[in-house]
S.K.: 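Sharing a structure here in structure tokens format.
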Amino acid sequence: LSYAACLEDSSSRGGGRSELVIFTYSKPGNYTREQCNSVCFGLSHLYGGLGERHECLCSTNNEPNFISGSHCSAACTNRHVMTIFPEELSWKDARQQCLSRSGDLAVVRSDELCNLLARKVTQERGVWLGLSDVDSPGKLQWVNGSEALEGEEGQQHRSSISRGNVCVSFDQNGQTSSHLCDSKRAYVCQYNAQGMLTETL
């Protein structure tokens, strides 16, 4: 699983700036903060944190990844945590899985988040995003209620998809495309970082 969060670095090195941290190493278990410290520092990682099930998460960032105020606003204002699940499901089933984990399908609109996610997608068919016309036939909407902007639906792979059955995926190249919602793909869930990362080191 891959997690990403925007954390404030209060050390002298960071000077209170926001840093985009990518957690790509996860070790299952019921860890304490101190135990996870030992695991991550033993692997020479800069950051660690506890997931919602107290698994140990380590960052593979090799050096600070400070980002500007404007980029932080786009990528980190809501302290996003995203997880890619490789199981291929229909869009509705994928969303239900995210909701059952106290999240939702991911809303990915900024260039920063698109670039981050594209580097983590390994599935050739791409992953479901939280964009569809399921709740508003004929009008694409993100799961947070915001309307899609022109171009966010990407390429449509079928000449005619009936209204109420258009769902959008995201691929390794950072491109979106529209598909039948019953198609099966991996998916990306999004959470609030404060809910997923119960502690950071």
Side-chain angles (χ1 to χ4, degrees), residues 1-5 22-29 49 51-55 57 75 78-110 112-149 151-198:
L1 305 181
S2 296
Y3 301 79
I22 304 167
F23 296 93
T24 53
Y25 177 86
S26 175
K27 188 169 184 179
E52 65 175 351
R53 298 179 180 87
H54 284 261
E55 69 271 32
L57 308 176
N78 295 321
R79 301 177 67 81
H80 298 302
V81 176
M82 295 187 184
T83 307
I84 296 175
F85 291 93
E87 181 184 10
E88 294 193 348
L89 300 173
S90 69
W91 188 90
K92 287 184 178 180
D93 287 345
R95 187 179 188 195
Q96 188 56 49
Q97 286 297 312
C98 293
L99 292 171
S100 72
R101 295 178 169 96
S102 301
D104 209 334
L105 284 170
V107 176
V108 180
R109 310 190 80 169
S110 71
E112 288 73 30
L113 285 178
C114 285
N115 292 336
L116 172 67
L117 183 58
R119 293 198 299 268
K120 300 300 173 186
V121 174
T122 59
Q123 293 79 8
E124 186 176 339
R125 286 158 49 84
V127 293
W128 287 128
L129 296 180
L131 180 59
S132 76
D133 74 341
V134 169
D135 294 325
S136 52
K139 181 189 295 184
L140 286 171
Q141 284 189 335
W142 291 93
V143 291
N144 63 5
S146 59
E147 291 187 15
L149 300 176
E152 287 186 326
E153 75 283 359
Q155 182 179 354
Q156 185 167 307
H157 286 276
R158 289 178 178 264
S159 58
S160 60
I161 301 179
S162 61
R163 292 186 172 196
N165 197 27
V166 179
C167 293
V168 177
S169 68
F170 183 89
D171 66 21
Q172 301 165 304
N173 299 314
Q175 302 298 314
T176 55
S177 54
S178 297
H179 306 273
L180 288 167
C181 297
D182 288 339
S183 303
K184 293 188 177 181
R185 279 171 170 73
Y187 56 99
V188 187
C189 294
Q190 177 176 311
Y191 314 88
N192 184 295
Q194 292 176 341
M196 279 294 294
L197 294 177
T198 57

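Only heavy atoms go into these numbers, but all of them, side chains included; no hydrogens, no water, no symmetry mates. Start at 1 with the first residue, then count along the sequence.
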S.K.: Which residues pass the side-chain contact (heavy atoms from CB on, under 4.5 Å) test with Glu88, not counting sequence neighbours?
M.R.: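 In terms of side-chain contact (heavy atoms from CB on, under 4.5 Å), with neighbours along the sequence ignored, Glu88 is linked to Arg125, Lys184.
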
S.K.: Side chains of Gln97 and Asp93, heavy atoms from C-beta outward: is any pair under 4.5 Å?
M.R.: no

S.K.: Indicate yes or no: at least one non-hydrogen side-chain atom of Val108 is less than 4.5 angstrom from one of Val188.
M.R.: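 Answer no - side chains too far apart.
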
S.K.: To check you understand the geometry: which heavy-atom pair defines the closest contact between Ser132 and Trp91, and what is its length?
M.R.: OG-CH2, 3.4 Å

S.K.: Enter the distance from Ser178:OG to Asn165:CG here, rounded to the nearest 0.5 Å.
M.R.: 11.0 Å

S.K.: Calculate, to the nearest 0.5 Å, the distance between atoms NE2 and OG belonging to His179 and Ser90 respectively.
M.R.: 14.0 Å

S.K.: Say you draw a straight line from OG1 of Thr83 to OH of Tyr187; how long is it, rounded to the nearest 0.5 Å?
M.R.: 10.0 Å

S.K.: Mind checking the CD1-SG spacing from Ile84 to Cys189? Nearest 0.5 Å is all I need.
M.R.: 10.5 Å

S.K.: May I ask you to test the Val134-Lys92 pair for a side-chain heavy-atom distance under 4.5 Å?
M.R.: yes

S.K.: Are any non-hydrogen side-chain atoms of Gln172 and Val121 less than 4.5 angstrom apart?
M.R.: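 Yes - at least one pair of side-chain heavy atoms lies under 4.5 Å apart.
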
S.K.: Is any side-chain heavy atom of Gln190 less than 4.5 Å from a side-chain heavy atom of Cys98?
M.R.: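 With C-beta onward as the side chain, the pair stays apart.
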
S.K.: Nearest 0.5 angstrom please: Asp133 CG to Glu153 CD, how far?
M.R.: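 One finds 11.0 Å between CG of Asp133 and CD of Glu153.
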
S.K.: For a quick test of reading the model, state the closest non-hydrogen atom pair linking Gly130 to Leu105 and the distance between them.
M.R.: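 Shortest heavy-atom contact: CA-CB, 3.4 Å.
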
S.K.: What pair of heavy atoms forms the shortest contact from Pro86 to Ala186, and how long is it?
M.R.: O-CB, 3.7 Å

S.K.: Taking all atoms of both residues into account, what is the closest heavy-atom pair of Trp128 and Leu89, and its distance?
M.R.: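 So the two residues come closest at NE1-O, 2.9 Å.
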
S.K.: Using atom types as modelled and distance alone, determine if a side-chain donor or acceptor of Asp171 lies under 3.5 Å from a backbone N or O of Asn173.
M.R.: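 At least one qualifying donor-acceptor pair exists.
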
S.K.: If you round to the nearest 0.5 Å, how far is CG of Asp135 from CG of Leu140?
M.R.: 11.5 Å

S.K.: Taking only residues two or more places apart in sequence, or in another chain, which ones meet Asp104 in a side chain to side chain donor-acceptor pair (under 3.5 Å)?
M.R.: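 If we apply the side chain to side chain donor-acceptor pair (under 3.5 Å) test to Asp104, skipping adjacent residues, the hits are Arg95.
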
S.K.: What are the two closest heavy atoms between Thr176 and Gly151, and how far apart are they?
M.R.: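 Nearest pair, atom of Thr176 first, then Gly151: OG1-O, 3.9 Å.
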
S.K.: Identify the two heavy atoms, one from Arg185 and one from Gly126, that lie closest to each other, and give their separation to 0.1 Å.
M.R.: CB-O, 4.0 Å

S.K.: Is there side-chain contact between Glu152 and Arg109, with heavy atoms separated by less than 4.5 Å?
M.R.: yes

